[in-house]
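These numbers were taken from a predicted model, which means no experiment stands behind them. Here is how names work: the chains are called A, B, and so on, in the same order as the sequence lines, proteins then strands, and each is numbered from 1.
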There are 2 protein chains.
Amino acid sequence: MASLDLYALTASEVQRQIRSNSLLLEDYIESLLARYRTRDKDVNAWAFIAPEKVLEQARQLDQIPPEQRGRLHGFVVDLPTGHNSPVYASDGPLMDASTVAILRRNGALIMGKTRTTEFAATTVGPGTKNPHDPSRSPGGSSSGSGAAVADQQIPIGLGTQTVGSVIRPSSFNGIYGLKPTWNAISAEGQKVSSVTLDTFGFMARSIGDLQGLADIFSLRDDEPPRTIHLNEAKFAVVKTAVWPKAGPGTVAAIERAAQLLRNAGALVEEVTLPSEFDNLLSLQNQVLQAEAGVAFYREYNTARDQISDKLADMARNIDTCSKKEFLRAFDTIAALRPQIDYIADQYTAIITPSSVDAAPVGIEWTGSSDFNGIWTVRVAKLF
Amino acid sequence: MASLDLYALTASEVQRQIRSNSLLLEDYIESLLARYRTRDKDVNAWAFIAPEKVLEQARQLDQIPPEQRGRLHGFVVDLPTGHNSPVYASDGPLMDASTVAILRRNGALIMGKTRTTEFAATTVGPGTKNPHDPSRSPGGSSSGSGAAVADQQIPIGLGTQTVGSVIRPSSFNGIYGLKPTWNAISAEGQKVSSVTLDTFGFMARSIGDLQGLADIFSLRDDEPPRTIHLNEAKFAVVKTAVWPKAGPGTVAAIERAAQLLRNAGALVEEVTLPSEFDNLLSLQNQVLQAEAGVAFYREYNTARDQISDKLADMARNIDTCSKKEFLRAFDTIAALRPQIDYIADQYTAIITPSSVDAAPVGIEWTGSSDFNGIWTVRVAKLF
């Protein structure tokens, strides 16, 4: 592969080449930076990159003797700002979030800060464009992460999903997204939108890269993973109550997935969730609004003039939302959790849409998260 | 009152005297610092105080024109370190936690940092003594907060209750503790032990001071508060499954409370919780252990040699604790929540012990939290 194409490698492949002494991290970073310089004026994924600093870190990592290198040596990730707000524009040095501390400790290199919507909570946009079609949105809130990964400016993107902020941009950008179960990875040190919904996740162009990250964060189930033969596997297609909103792209993708699995010998069943689940999206929204009120009360109380009216409206919920309604939503969701776990336990996996359709035209709106909300609200256990 | 006794005032009284121009905040802080110098060699409540810096802040606050002063002008609080660990010994300037930012914005003055157990999570002690009897523990994890408030070195203490870390030291030190419902106040920016248990709360020597803080953080129920006449009130005494552990002090306190209320014309009923609640303390502990494993995975992963074996054991749970058991505990607790709410809705208030008995002798162990755990695990809604 010509060195100009180094940027297109997955993190796992970069790691393999570094281990076999056929690649220096510095050269790989040079390639990513060249890609960034060529492309980001069109994509606008990054809020901040300091090329010299990143190169210096790469040189330092190159000098670590192989036997002392971290398990993520060669992995390059972004740091979504999670703010995009003047409230935090003048922040001094902050302590790393737990996730960032663990990534650094294991040898990962942080390339820079990518753009998000305001606090990754509203849809006040970061101006990032979909690298496949600049007339379209890359999704959000992790807009810059998804676009930079898809555009081969970086192999791995980080993000926090409160409704659909990892899965939706992954779908719109044509990359893989992994949203573990809530609190499988500590969100400590990240800006909070909704404490029971905010879920740390990853985006990448390869399953192997996602696996490398999952290992570092000890994402695992009780039983060790085992090989699944597709002709013994049983899949549930769960279209959910919002299926009528699915566009032709999503309908075709789900049908194709089912057909491919059937062709490989798997059993594929369409499963309709019990009717109690029909209302789950609005219950999820009630929880989100009430918890966002608590989370953004600080900015509302200390910096009202620097936050959008949308965010202020969310923060005001601390006063106006009925606690009784919130509690009812919270308890109803909790009662649905064992039900979906019971259904999921009967299948190898559940197949469900990632988004309503292809990325929407225009970059002001980051797209619908209607297919994501019910899976973020802790009714599913993945790890 | 002689100026030497200023330290004994409540925050509300300090505020009143400042408003009426009969007190300068600087003089009050001088009095608190004198009390600190006289007493803290015996109590050992503080991890860090910078007297000149605090006095300078007091002078600055004194110079703010009365009409521009915050609603907490005159309130002085501590900042529990929440760490007591060498891992964070060299921390540079950090961003304020949400609670601290809101307190500052509203004019409160931070006196210094008080001692906690290691990460406020283990019982590795801070060496703080009970100001009423130095042979006894002040409780924990908010050991320094509770002791400093009881010792009149400060009017208001902050703390985070994961099991009993606000209510227990309040009880052992003979002061008032307020633990709101989980996430009624955002814990963002505080060190996490257990994301679904950590609950920000206050300690003070007066109900008025607690009310002042509750107002700032918008702690309120759906209906506005109304005057309750005791002869129309109905109280539940809930002794819980751990009542056999109650010592003579606790038994006498509960009996006396019931008798005082009956004498004032109130109805007082002893309520036995359904048998499903008997196991709640161990379910709570399962959730705590599993979530602490997630929360302290960062320190375990990045600084194993600087954390205690106890904390490392908690962090290792991320690998060894069964996810299935954790989920069962989590779901069982969730299903009990509507039950306790139904019971609580039938009473003006529930009366239940704050601790097993008086503060235990010895300062190595911060005492039992058996009477606190089931009320911290989100089965009760207060706000």
Notebook entry, point to check: Quick one: ring-ring contact (aromatic ring centres under 6.0 Å, His included) partners of B:F75, sequence neighbours excluded?
Noted result: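 By the ring-ring contact (aromatic ring centres under 6.0 Å, His included) rule, B:F75 matches no residue at all.
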I need the [X] [atom1] to [Y] [atom2] distance, nearest 0.5 Å.
X: A:N106; Y: B:N301; atom1: CG; atom2: CG; result: 5.0 Å
X: A:S98; Y: B:E299; atom1: OG; atom2: CD; result: 6.0 Å
X: A:E223; Y: B:K324; atom1: CD; atom2: NZ; result: 6.0 Å
X: A:L327; Y: B:D222; atom1: CG; atom2: CG; result: 9.5 Å
X: A:R298; Y: B:I185; atom1: CZ; atom2: CD1; result: 14.0 Å
X: B:W182; Y: A:T196; atom1: CH2; atom2: OG1; result: 6.0 Å

Notebook entry, point to check: Heavy-atom distance under 4.5 Å to chain B: side chain of A:A101, backbone, both or neither?
Noted result: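 For A:A101, heavy atoms of backbone and side chain both lie under 4.5 Å from chain B.
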Item checked: B:R105: salt bridge (charged side-chain N to carboxylate O under 4.0 Å, His left out) partners, not counting sequence neighbours ->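 Partners of B:R105 by the salt bridge (charged side-chain N to carboxylate O under 4.0 Å, His left out) criterion come out as none, since no residue qualifies.
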Check: Between B:R220 and A:K323, what is the shortest heavy-atom contact and its length?
Finding: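 Smallest heavy-atom distance, with atoms named: O-CE, 2.9 Å.
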Next item on the list: Heavy atoms only: give me the nearest B:A334-A:A334 pair and the separation to one decimal.
Entry: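 Nearest pair, atom of B:A334 first, then A:A334: CB-CB, 3.5 Å.
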Check: If we ignore angles and hydrogens, is there a donor and acceptor under 3.5 Å between the side chains of A:Y297 and B:S218?
Finding: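 Yes.
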Check: Would you call A:R337 and B:D331 a salt bridge, using N to O less than 4.0 angstrom?
Finding: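 Here A:R337 pairs with B:D331 in a salt bridge, since their nearest N and O are under 4.0 Å apart.
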